[in-house]
Amino acid sequence: ENALIESNDLLANAAYVDGLTKLPNRSALTPLLEQAISTCHQQGGLLAICFLDLDGFKQVNDSLGHLAGDEVLIEVAQRLRATIRGDDAVMRLGGDEFVLLLGGIQTQQESHYLLRRVLTALKKPIKLQGNRVTIGASIGVTLYPFDNSSPTEMVEHADEAMYEAKKHGKNSWHFYKSTPSSSKIS
């Protein structure tokens, strides 16, 4: 009976884990986001929902192959995990798209500090098969409770803001338009 319980736990876990990076996957996004919103309600402050897309990843995949691309994704996952704080969450949606949930932020300035740390960590060169590759990231951010839409819509808003960051020169972040205008300083 215990073996059955353990295998069910494993299956439940596997359904929410990205096989390559061992990060929570797209299926884990809504439950983790709902949990982060609930924590934000209890503890106050802001929750930053960040949609992150790697800059320069396609070139690595095209020039060095998919195995090298996989190594980059594993390294990115480790760097993101090491950069965020204990209660924050990072997940891989697929491809080179990640979501960060940064909770307990007291000011917008604090979110800028955390985002800068993420970009700095990702910009460090990655050694692959004797090559050194450098990637960056474009990050779109929406802040709860300023953005008080459904979890799915909040992720869409962060995704839209990420495209703005890409348009404005990559390796940067952009806040979704519902965020108070004082946030546009980067």
Side-chain angles (χ1 to χ4, degrees), residues 13-37 39 46-61 66-105 111-126 128 133-144 147 151-176 179 186:
N13 188 14
Y16 288 106
V17 175
D18 175 56
L20 179 68
T21 62
K22 307 300 181 243
L23 291 175
N25 64 14
R26 187 180 288 276
S27 302
L29 177 58
T30 302
L32 284 172
L33 183 48
E34 286 168 350
Q35 187 183 338
I37 289 167
T39 302
L46 304 170
L47 169 66
I49 297 103
C50 311
F51 196 104
L52 187 149
D53 186 83
L54 299 180
D55 299 329
F57 178 73
K58 187 179 178 336
Q59 294 87 309
V60 172
N61 244 352
H66 289 289
L67 284 176
D70 286 353
E71 283 183 49
V72 168
L73 292 171
I74 291 165
E75 177 64 24
V76 164
Q78 288 169 344
R79 288 182 186 188
L80 289 173
R81 214 188 267 120
T83 304
I84 62 171
R85 301 157 307 163
D87 292 341
D88 296 335
V90 55
M91 57 215 88
R92 178 178 175 226
L93 297 191
D96 62 342
E97 293 180 335
F98 296 82
V99 167
L100 304 175
L101 302 178
L102 310 175
I105 295 171
S111 71
H112 292 202
Y113 167 74
L114 294 169
L115 293 165
R116 199 170 295 116
R117 273 184 44 192
V118 166
L119 290 178
T120 301
L122 294 181
K123 273 194 292 201
K124 291 184 183 122
I126 300 171
L128 290 177
V133 300
T134 308
I135 54 159
S138 296
I139 307 174
V141 186
T142 192
L143 290 177
Y144 175 86
D147 184 347
T152 306
E153 287 173 316
M154 282 191 265
V155 173
E156 286 168 9
H157 294 164
D159 188 13
E160 281 174 42
M162 183 273 295
Y163 280 102
E164 288 300 314
K166 280 225 185 278
K167 271 197 274 192
H168 292 100
K170 302 184 177 177
N171 219 2
S172 64
W173 63 82
H174 188 85
F175 282 88
Y176 181 69
T179 309
S186 63

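Asp55 and Ser138 share a donor-acceptor pair across their side chains, judged by distance under 3.5 Å alone.
Among all heavy-atom pairs drawn from Ala36 and Leu101, the shortest one is CB-CD1, 4.3 Å. Heavy-atom minimum distance, Ala77 versus Leu23: CB-CD1, 3.5 Å. Between Ala161 and Tyr176, the shortest heavy-atom distance links the atoms CB-N, 3.7 Å. Nearest heavy-atom pair across Ala158 and Ile49 is CB-O, 3.5 Å. Listed here is the closest heavy atom pair of Ala121 and Thr83: CB-OG1, 3.4 Å. For Arg79 against Leu122, the heavy-atom pair with the smallest separation is NH1-O, 3.7 Å.
Note that CG of Leu119 and CG of Leu114 are 11.5 Å apart. Values are rounded to the nearest 0.5 Å. Within the model, atoms CG of Leu100 and CE of Met91 stand 8.0 Å from one another, a figure rounded to the nearest 0.5 Å. With rounding to the nearest 0.5 Å, the separation of CG in Leu29 from CG in Leu93 is 6.0 Å. Expressed to the nearest 0.5 Å, how far CG of Leu143 lies from CD1 of Ile105 amounts to 6.5 Å. We find the CG-CG distance between Asp70 and Leu20 to be 4.5 Å, quoted to the nearest 0.5 Å.
Residues in residues 86-97 take part in these side chain to side chain donor-acceptor pair (under 3.5 Å) pairs, two or more places apart or across chains: Asp18-Arg92, Arg85-Asp88.
With sequence neighbours left out, Glu153 forms a side chain to side chain donor-acceptor pair (under 3.5 Å) with Ser150. In terms of the side chain to side chain donor-acceptor pair (under 3.5 Å) criterion, Lys170 has no residue partners (sequence neighbours excluded). Taking the ring-ring contact (aromatic ring centres under 6.0 Å, His included) definition, one finds that Phe57 meets it with nothing, sequence neighbours left out. For Asn25, there are no side chain to side chain donor-acceptor pair (under 3.5 Å) partners at least two apart in sequence or on another chain. A search for salt bridge (charged side-chain N to carboxylate O under 4.0 Å, His left out) contacts involving Glu164 returns Lys167, not counting sequence neighbours.
Here the side chains of Ser27 and Tyr16 are in contact, with some heavy-atom distance below 4.5 Å. Side chains of Glu160 and Phe51 form no contact here, defined as non-hydrogen atoms less than 4.5 Å apart. Residues Phe98 and Ile139 form no side-chain contact, since every pair of their non-hydrogen atoms from C-beta on lies 4.5 Å or further apart. Contact check for Leu33 versus Leu47: side-chain heavy atoms found under the 4.5 Å cut-off. Here the side chains of His66 and Asn61 are in contact, with some heavy-atom distance below 4.5 Å. At least one side-chain heavy atom of Leu80 sits less than 4.5 Å from a side-chain heavy atom of Leu52.
The 12-atom threshold is exceeded at CD of Gln59, counting heavy atoms of other residues, nucleotides or ligands nearer than 6.0 Å.
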Side chain to side chain contact (heavy atoms under 4.5 Å, CB included) evaluation trace for Leu102 with Ser111: CA-CA 8 Å; Leu102 310 175; Ser111 71; 6.0 Å; no

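Two rings, from Phe175 and His112, have their centers less than 6.0 Å apart.
In this structure, Asp147 contributes its side chain and Met154 its backbone to no donor-acceptor pair below 3.5 Å.
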